[in-house]
Structures are given as structure tokens and as C-alpha cells.
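Notes to accompany the following structure.
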2 protein chains.
Amino acid sequence: MQRSQTAYLVLGMLSIEPNRSGYTIRKAVEGSVNYFWGESYGQIYPTLKRLAAQGLIVARASTSATRPRRQEYSLTPAGHACLEEWLAVPYRDDRPRNEFLLKLFFGREAAPSVSIRHLRDFQEKNRRLLATLVDLETLARKHNAGNPNLSFWMLTLTFGIAQTRSALEWSESALAILSGANNG
Amino acid sequence: MQRSQTAYLVLGMLSIEPNRSGYTIRKAVEGSVNYFWGESYGQIYPTLKRLAAQGLIVARASTSATRPRRQEYSLTPAGHACLEEWLAVPYRDDRPRNEFLLKLFFGREAAPSVSIRHLRDFQEKNRRLLATLVDLETLARKHNAGNPNLSFWMLTLTFGIAQTRSALEWSESALAILSGANNG
DNA sequence: ACACACATGTAATTGGTTACATGATTTC
DNA sequence: GAAATCATGTAACCAATTACATGTGTGT
């Protein structure tokens with residue numbers, strides 16, 4: 001049976017740590033895979049219900065007295081098997097969509113200042129991203145010593161850092177070229 | 001009025017070269033922006049009809065005797081204005097989705113050979129992509145000398161090449177780490 | 001004769017976003 | 001008392017993919 005990518009994200013997140021709710025899954029996404037994988041609540045909550053109906057995860061109310069309305073989920077053996085099955089099949093290439101590059105590609109139709117502004121935005125975003133990722137690297141190492149997932153998390157992190165650094169280097173030379181053509 | 005991203009891709013492609021059909025737009029995408037922007041016929045054809053109905057492009061049957069059924073479109077002044085307007089607004093960040101990285105992130109749930117296979121696939125794809133982009137760079141320079149779009153196209157190309165090279169470098173070290181952990 | 005590239009389109013479905021709706025708890 | 005965070009969900013909408021359907025022209 002084919003499932004949405006969101007379903008596997010949820011299964012994977014529950015495999016790392018059981019007893020997570022929709023809310024904490026979203027938070028976990030934000031603090032880990034966010035720079036290469038986005039998810040919204042509107043997708044997570046229905047997916048949790050669907051996976052529970054299919055027997056891949058089980059729900060139970062949280063035991064906390066202070067936050068009683070929280071629904072926590074955990075993987076069933078079937079859920080874990082489903083995750084492993086998915087992991088083993090070749091990854092699919094998600095359709096690329098980079099509006100920044102598209103606007104740059106059509107840059108000649110606008111004033112040079114337009115493309116320069118996009119480039120500065122891009123640079124700013126990537127600087128912030130790099131700072132976030134470097135922080136995350138430090139935190140991840142600190143809080144997950146001995147965690148068997150750590151080496152995999154580090155691989156995705158070093159990928160993100162390398163890509164971001166390369167993007168920043170490129171943006172410097174791109175800005176030099178565009179600024180030169182604009183007023184040099 | 002907000003339009004789909006596909007609409008702007010179409011307007012942009014027609015701004016570069018008028019008298020293009022759905023088919024040739026798709027081909028142009030394949031030979032230029034494909035590595036950062038995907039489009040399917042199922043999206044392009046309806047978009048052309050919609051844009052024509054809105055007066056942003058005009059259709060006319062191709063004059064070629066050999067291919068009479070081809071519908072060719074060109075920008076109207078309104079269409080060009082619409083493109084410029086879009087170019088001037090800040091680019092939006094498309095939701096990232098990288099299934100390769102997601103499988104790697106959850107790699108600990110599968111046998112090490114699974115992640116190694118994904119990494120090799122990734123490497124192979126990036127090698128092919130790099131070759132394509134480098135070829136494209138040569139071709140673009142050769143066939144577009146003096147084309148005022150060239151510098152913008154080159155910027156997107158050098159970005160793609162830099163990112164791909166960085167991905168390949170990373171994949172080498174990632175494979176070394178995983179292979180070492182697997183059988184070292 | 002066959003295969004491939006040219007060429008255009010539609011329909012069903014899915015996947016996902018966004019806005020909306022609600023309310024408890026914690027912190028200042 | 002207000003604001004922020006915790007927490008869960010639904011409904012409307014839209015963007016896009018995929019499969020389907022059809023037919024011509026060209027080259028081998």
C-alpha cells in the first residue's frame with residue numbers, strides 16, 4: 001500500500017521517540033529536519049488518525065495531570081515494519097521548485113536592482129540558516145552522546161551546512177557580477 | 001490577482017521567446033530550468049488556456065505547413081506587466097522536501113546497507129547532473145553570445161554546479177563514515 | 001512496419017496549505 | 001489581566017501529478 005510522505009515522516013518520528021503527539025511531532029520537525037522537510041499541522045493530525053485506523057500506530061491519552069487533552073501515539077510492530085519497508089525502497093526525487101532561482105533566471109525582464117534585492121534576501125536567509133544549523137550541530141552532539149541515531153542526524157546536518165556554505169559563497173560572486181553590471 | 005507559479009513560468013518562458021507552444025515550453029524547461037524547476041504537461045496546457053482567457057497571452061495557429069495543429073502563444077503587454085510585477089515581489093520559500101535526506105535521517109531504523117545504497121544512488125544522480133550542467137554551461141555560452149539573458153542564466157547554472165559539487169564532496173565523506181561503521 | 005518524436009488535451013485523484021475554530025495553561 | 005505557548009482539530013481550496021486518450025509526421 002502506498003502512503004503519503006507525511007505518513008512516513010510520522011512513523012519515523014515515532015520510531016525515534018514513542019509517545020509523541022501531533023504537537024510534539026511538529027516541534028520535533030522544527031528542531032531537526034525542518035531545513036529539508038516541511039510539515040503542517042493540517043497534514044499531521046489527519047495522518048495520525050489515519051495511521052491509527054490502519055493499526056500502524058496506537059493512541060493513548062497522556063498521563064500528565066497538567067495536560068490531559070494530549071493524544072500520544074506510538075508505533076505498533078506493523079508500523080515499524082511499514083517504516084522499514086519504505087526505508088528500503090529507493091528514494092524518490094521530489095519535484096524541485098526554487099522560486100528564487102526562477103526569478104533570477106528571468107532577471108533580465110526586471111531592473112537589475114530587483115535581482116540584487118532577491119540575492120541579498122537569499123544571502124540573509126542563508127546566513128541565518130547556517131547559524132541555526134551550526135547551533136543545531138553543537139546541541140545535537142551535546143544532548144545525544146551515545147544515541148545510535150546521532151551519526152545519521154549528523155550526516156544530514158553536515159549536508160545542510162555544506163550546501164548552505166556553498167550557496168553563500170556563490171551568492172557573493174553573484175552579487176559582485178550583478179552589482180558590477182549594474183553600476184560599475 | 002495571485003496566480004499559480006506555473007503561470008509565471010509560462011509568462012517568463014514566453015518573455016524570452018515568443019510564439020511558443022505548450023510542447024516547446026515543456027522542452028525549454030527541460031533544457032534550462034529543469035534542475036531547479038519541474039513542470040508537467042498536465043499543468044502547462046490548462047495554464048496556457050487560462051492565461052489566454054485572462055488576456056495575458058494570445059494564441060495563434062502555427063504557420064508551419066508541416067505542423068498545423070500547433071498552438072503558439074505570445075505575451076500581451078498585460079502579460080508582460082504581470083510578469084514584471086511578480087518578479088518585483090520577494091520570492092517565496094517553497095516547502096522543502098528531500099526524501100533522500102529523510103531516509104538518511106531515519107537510517108538507523110534500517111540495515112546500514114540501505115543507507116549506503118541510497119548514498120550511492122545520490123552520488124550517481126549528482127554525477128550525471130553535474131555532467132549535464134557542465135555541458136549546458138558550454139552550450140549556453142556558445143549559442144547565446146550577446147543574449148542579454150545570458151548572465152542571468154549563467155548565475156543559475158553556476159549555482160547548480162556549485163551545489164552539485166558540494167553535494168558530491170559531502171557524499172564521499174558520508175560514504176566513508178557509513179562504510180567504516182558498517183564493516184570497519 | 002515500427003518506433004519515436006511531435007503535439008494537445010482531459011479527468012480523477014491526491015497531497016498539501018491556509019484559514020478558521022476552540023480552549024487550557026503558563027508566564028509576565 | 002494579557003500574552004504566549006500548549007494543544008487539537010476541520011473545511012475550503014488549490015496546485016499538481018498521473019494516467020488516459022488521441023492522432024500526425026519522420027526516420028529507419
Side-chain angles (χ1 to χ4, degrees), chain A residues 1-10 13 19-31 33-34 37-53 57 59-73 86 92-99 102, chain B residues 1-11 13 19-31 33-34 37-54 57 59-73 86 92-99 102:
Chain A
M1 193 201 292
Q2 51 181 355
R3 271 167 255 267
S4 75
Q5 292 182 308
T6 300
Y8 297 106
L9 172 93
V10 166
M13 282 297 174
N19 296 318
R20 288 216 238 221
S21 66
Y23 189 79
T24 57
I25 287 172
R26 180 71 225 282
K27 290 291 145 189
V29 165
E30 249 176 50
V33 298
N34 205 230
W37 196 274
E39 284 294 351
S40 63
Y41 287 124
Q43 194 70 356
I44 289 172
Y45 283 113
T47 298
L48 283 168
K49 299 237 150 166
R50 202 156 4 97
L51 290 174
I57 60 178
R60 64 149 208 218
S62 81
T63 49
S64 162
T66 53
R67 290 188 291 254
R69 284 177 304 96
R70 186 151 133 185
Q71 278 300 309
E72 292 178 342
Y73 298 87
W86 171 77
R92 79 171 209 220
D93 284 307
D94 298 278
R95 174 176 45 61
R97 283 248 159 154
N98 188 325
E99 200 179 275
L102 194 65
Chain B
M1 197 201 290
Q2 50 179 358
R3 271 166 254 267
S4 75
Q5 291 181 307
T6 300
Y8 297 106
L9 172 94
V10 166
L11 293 175
M13 282 298 174
N19 295 319
R20 288 214 239 223
S21 66
Y23 190 77
T24 58
I25 287 172
R26 180 71 225 283
K27 290 290 146 189
V29 166
E30 250 176 48
V33 299
N34 205 231
W37 197 274
E39 282 295 350
S40 63
Y41 287 122
Q43 194 70 356
I44 290 172
Y45 283 112
T47 298
L48 283 169
K49 300 237 151 168
R50 202 155 7 95
L51 291 175
Q54 292 168 351
I57 60 178
R60 63 146 207 223
S62 83
T63 49
S64 162
T66 53
R67 291 187 292 255
R69 284 176 304 95
R70 186 152 134 185
Q71 280 299 310
E72 293 178 342
Y73 297 87
W86 172 78
R92 80 171 208 219
D93 283 308
D94 298 279
R95 175 175 44 61
R97 282 251 159 152
N98 188 325
E99 199 179 276
L102 195 65

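Computed from a predicted structure; not experimentally measured. In what follows, every chain begins at residue 1, and chains take the letters A, B, ... in the order their sequences are listed.
Side chain of B:Arg26 to backbone of B:Glu39: a donor-acceptor contact under 3.5 angstrom is found. No donor-acceptor pair under 3.5 Å is formed between the side chain of B:Arg70 and the backbone N or O of B:Ser21.
The side chain of A:Arg70 has D:dC6 as its nearest neighbour among D:dC6, D:dT10, C:dT8. Of the candidate nucleotides C:dC6, C:dT10, D:dC6, C:dC6 has the atom nearest to the side chain of B:Lys27.
When the C1' atom of D:dT8 is taken as reference, atom CD of A:Glu72 falls 14 Å away, rounded to whole Å. Counting to the nearest Å, the C1' atom of D:dC14 and the CG atom of B:Asp94 are 15 Å from each other. Counting to the nearest Å, the C1' atom of D:dA15 and the CG atom of B:Leu48 are 16 Å from each other. Protein atom CH2 of A:Trp37 is 12 Å distant from nucleotide atom C1' of C:dG16, rounded to whole Å. Look at CZ on B:Arg26: it is 14 Å from P on D:dA16, rounded to the nearest Å. In this structure, the NZ atom of B:Lys49 is 8 Å from the C1' atom of C:dT8, given to the nearest Å. Atom CD of A:Glu99 is separated from atom C1' of D:dA15 by 14 Å (rounded to the nearest Å). As rounded to whole Å, 15 Å separates atom P of C:dT17 from atom OH of A:Tyr45.
A heavy-atom distance below 4.5 Å is not found between the side chains of A:Leu9 and A:Thr47. Residues A:Ile44 and A:Leu48 form a side-chain contact, since some pair of their non-hydrogen atoms from C-beta on lies under 4.5 Å apart.
A distance of 7.0 Å separates CH2 in A:Trp37 from OG1 in A:Thr6, rounded to the nearest 0.5 Å. For the atom pair NZ of B:Lys49 and CD of B:Gln71, the computed distance is 7.5 Å after rounding to the nearest 0.5 Å.
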Using a cut-off of under 3.5 Å, enumerate the N/O to N/O pairs linking the protein to nucleotides 17-20 of chain D.
unit_1	atom_1	unit_2	atom_2	d
D:dT17	OP1	A:Arg95	NE	2.5
D:dT17	OP2	B:Ser40	OG	2.8

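Here A:Tyr23 does not reach the OP1 or OP2 of D:dT8: none of its side-chain N or O atoms lies under 4.0 Å away. Regarding contacts with the backbone of C:dG16, a side-chain N or O of A:Thr6 is found under 4.0 angstrom from either OP1 or OP2. For C:dG16, one of the phosphate oxygens OP1 or OP2 lies less than 4.0 angstrom from a side-chain nitrogen or oxygen of A:Gln5.
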Residue pair B:Leu51, B:Arg3: steps toward the side chain to side chain contact (heavy atoms under 4.5 Å, CB included) verdict: CA-CA 10 Å; B:Leu51 291 175; B:Arg3 271 166 254 267; 4.3 Å; yes
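With DNA chain C read from its 5' end, the first of the two nearest nucleotides for B:Tyr73 and A:Arg92 is the one closest to B:Tyr73.
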